[in-house]
Engineer: 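Take a look at the following structure, please.
Below, read A as the first sequence line, B as the second, and so on, with proteins coming before strands; counting in each chain starts at 1. Heavy-atom basis, side chains included; hydrogens, waters and symmetry copies ignored.
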Protein chains: 2
Amino acid sequence: MAANSQFAIAIHVLTILARSGGERVKSDYIAGSVNTNPVVIRRLLSNLQEANLVESQVGAAGGTSLAKQPKDIRLSEVYNALSCGEVFALHSKEPNKDCPVGRNMAAFLCGLQKEIDKSIGEKLNQYTLRDVLEKIEER
Amino acid sequence: MAANSQFAIAIHVLTILARSGGERVKSDYIAGSVNTNPVVIRRLLSNLQEANLVESQVGAAGGTSLAKQPKDIRLSEVYNALSCGEVFALHSKEPNKDCPVGRNMAAFLCGLQKEIDKSIGEKLNQYTLRDVLEKIEER
DNA sequence: ATAACTGTAACCAGAATAGTTGCAATTTAA
DNA sequence: TTAAATTGCAACTATTCTGGTTACAGTTAT
């Protein structure tokens, strides 16, 4: 694997929940549409739950439903609820501190990373789950 | 490892080249500052060369130097020269085509991915290697 | 000629992510 | 009150990615 598909799956899952008409949906069913294992879905759902985007109920007749209206779920919230990695990684080994360039590189890159992350957040903040639903329907 | 640090290392490498005063720099020296193996550096340099950002010369007294002035090297060029991954990955397995959501998900996500990539490109386009040099010096 | 480099291919090692299995805890319903 | 259906979670496996390393061919300066 490698390459984080959490966000992609999360959008997929939330879209399914949004279309259930408020009915609780089982992880098994979701896994069928996403084409993965139910446990993978439940793991993800557990993150979305912490972020108060969905609500689950255990036991027979259990399942998960949205905790808010699609129009009130911003994609930036989804992104932040998950541990999606940064756009680029910093050096894996620390640069050489004896070199003036190496010494100051990390600080600069870290700042740049934050700026980019902010751009992404702003972009994702422009869309809600309702927008996703509309785009999916119109095909 | 995992998590692509190519971009971070590239900026580091280019900064070193920019400070060499036009002199060719050896991969061995660069590797010393970045704190990695010379081959890793040469691999990266090879990508930057394809993008016409640097020029290398083989043989004794060989090495690499910038192909343009720092003010003419935009960080977006650097980013594009490398195969940095996308911000988020699409599903690793294809979604279930029998489900209306699964069927349309990939197209939507792909579009969103492109939009985000564009934001990143625009952000990185605002900076040149000269800006990096200035930020590094002022510490 | 020889030594110093780059360019590259091939392989190894470590880490991250998704996929799986198994089971405890909870809830519904017969 | 027992059985069946579900979530929650821990632990393990499999796959894949990326960087590190080795080895060596080709090139150039001295």
Engineer: Any ion pair linking B:K123 and A:E122 (charged N to carboxylate O, less than 4.0 Å)?
Structural biologist: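 Looking at B:K123 together with A:E122, the answer is no, because their closest N to O distance does not fall below 4.0 Å.
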Engineer: Please tell me if B:S5 has a side-chain N or O lying less than 4.0 Å from either OP1 or OP2 of D:dG19.
Structural biologist: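 True: B:S5 side-chain N/O within range (under 4.0 Å) of D:dG19 OP1/OP2.
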Engineer: How long is the line joining CD of B:Q6 and P of D:dT18, in whole Å?
Structural biologist: 8 Å
Engineer: Nearest to the A:V40 side chain among D:dG8, C:dT6, C:dA18, which nucleotide is it?
Structural biologist: C:dA18
Engineer: If each of A:R43 and B:Q57 is mapped to the nucleotide of DNA chain C with the nearest heavy atom, which maps nearer the 5' terminus, i.e. the 5' end?
Structural biologist: B:Q57
Engineer: Just how far, in rounded Å, is C1' of C:dT27 from CD of A:E55?
Structural biologist: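 Going from CD in A:E55 over to C1' in C:dT27 covers 17 Å.
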Engineer: Can you work out whether A:K26 or A:V39 has the more 5'-proximal nearest nucleotide on DNA chain D?
Structural biologist: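 In this pair, the answer is A:K26.
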Engineer: Between A:T36 and C:dA18, does any side-chain N or O lie under 4.0 Å from OP1 or OP2?
Structural biologist: no
Engineer: Carefully, step by step, assess A:E86 and A:K114 under the rule salt bridge (charged side-chain N to carboxylate O under 4.0 Å, His left out).
Structural biologist: CA-CA 9 Å; A:E86 303 283 347; A:K114 284 199 185 111; over 6 Å; no
Engineer: I need the CD1-P distance between A:I41 and D:dG8, as an integer number of Å.
Structural biologist: 13 Å
Engineer: Rounded to whole angstroms, how far apart are CD1 on A:I9 and P on C:dA18?
Structural biologist: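 Computing the A:I9:CD1 to C:dA18:P distance gives 6 Å.
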Engineer: Ignoring backbone atoms, test whether A:N37 places a side-chain nitrogen or oxygen under 4.0 Å from the OP1 or OP2 oxygen of C:dT21.
Structural biologist: no
Engineer: When the distance from CZ of B:R24 to C1' of C:dA4 is rounded to whole Å, what number comes out?
Structural biologist: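 Whole-Å distance recorded here is 13 Å.
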Engineer: Does A:Q49 put a side-chain nitrogen or oxygen below 4.0 Å from OP1 or OP2 of D:dT7?
Structural biologist: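 Looking at the OP1 and OP2 atoms of D:dT7, neither is under 4.0 Å from any side-chain N or O of A:Q49.
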Engineer: Once you round it to whole Å, what is the distance between P of D:dT7 and CG of A:L48?
Structural biologist: 14 Å
Engineer: Could you pick out which residue, B:G62 or A:A61, lies toward the 5' side of DNA chain C when each is mapped onto its nearest nucleotide?
Structural biologist: B:G62
Engineer: Count the heavy atoms belonging to other residues, nucleotides or ligands that lie under 6.0 Å from NZ of A:K97, then report whether that count exceeds 12.
Structural biologist: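 Enclosed.
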Engineer: Could you tell me how far apart B:L44 (CG) and D:dG20 (C1') are, to the nearest whole angstrom?
Structural biologist: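 Checked: the CG to C1' distance equals 14 Å.
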Engineer: Would you call B:K71 and B:E134 a salt bridge, using N to O less than 4.0 angstrom?
Structural biologist: no
Engineer: Can a side chain N or O of A:S46 be found less than 4.0 Å away from OP1 or OP2 on D:dT7?
Structural biologist: no
Engineer: Report the distance from atom CZ of B:R42 to atom P of D:dG20, rounded to the nearest whole Å.
Structural biologist: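 Spelled out: CZ on B:R42 to P on D:dG20 is 14 Å.
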Engineer: So, B:E137 and B:R19, do they make that salt bridge, N to O below 4.0 Å?
Structural biologist: yes
